[in-house]
Amino acid sequence: QVQLVESGGALVQPGGSLRLSCAASGGTFSSYFMGWFRQAPGKEREFVAALGWGASNTNYADSVKGRFTISRDNAKNTVYLQMSSLKPEDTAVYYCAARLGDFYPRRAESYAYWGQGTQVTVSS
């Protein structure tokens, strides 16, 4: 079983950048497929980005495509979400999650393990 801990959330101005990190422990990190989700106040949790087989196998929500980049460092047991050109509508709690199979990466139900979340607020 893997434990996930997110960090890097902050208050940032519109147009700014931020990098979120998610450190994994307690499992074989390289065997998990990783994803990021977010949940804004009063809204349902939504898919943001996911990694599949290979570093180039990425999947992004249309709302973040071209602005966010997901990556991982297996040597550090960490997955990242680099966010740029941030908008107020990106404000949410961001969660990383791990799934065992490379299927339905956009569905929250595909993920067995979740972190506790980190708050990102985009405001001037």
TODO: Please name the pair of heavy atoms, one in Gln116 and one in Val5, separated by the smallest distance, quoted to 0.1 Å.
DONE: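 In this case the closest contact between Gln116 and Val5 is OE1-CA, 3.7 Å.
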
Task: From Ser123 atom OG to Leu86 atom CG, the distance as rounded to the nearest 0.5 Å - done: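 CG of Leu86 is found 12.0 Å from OG of Ser123.
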
Open item on the list: Please report the interatomic distance OH(Tyr32) to CG(Leu51), rounded to the nearest 0.5 Å.
Closed with: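 So the gap between those two atoms works out to 16.0 Å.
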
Answer yes or no: is there a side-chain heavy-atom contact under 4.5 Å between [X] and [Y]?
X: Tyr95; Y: Thr118; value: no
X: Phe37; Y: Trp114; value: yes
X: Met34; Y: Phe29; value: yes
X: Glu109; Y: Tyr104; value: no
X: Met83; Y: Val64; value: no
X: Phe33; Y: Pro105; value: no
X: Thr69; Y: Tyr60; value: yes

Open item on the list: Under a 3.5 Å distance rule, please check whether Ser84 uses its side chain to pair with a backbone N or O of Arg67 as donor and acceptor.
Closed with: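 Present.
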
All N/O donor-acceptor pairs, side-chain side in residues 15-28, below 3.5 Å, sequence neighbours left out:
none

Open item on the list: Walk me through whether Phe68 and Gln82 qualify under side-chain contact (heavy atoms from CB on, under 4.5 Å).
Closed with: CA-CA 5 Å; Phe68 290 12; Gln82 179 68 48; over 6 Å; no

Open item on the list: Checking Asp102 now: which residues fulfil salt bridge (charged side-chain N to carboxylate O under 4.0 Å, His left out) with it, not counting sequence neighbours?
Closed with: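 Counting only residues at least two positions away or on another chain, Asp102 forms a salt bridge (charged side-chain N to carboxylate O under 4.0 Å, His left out) with Arg99.
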
Open item on the list: Once salt bridge (Lys or Arg N to Asp or Glu O under 4.0 Å) is applied, what residue pairs with a partner in residues 34-45 remain, sequence neighbours excluded?
Closed with: Arg38-Glu46, Arg38-Asp90

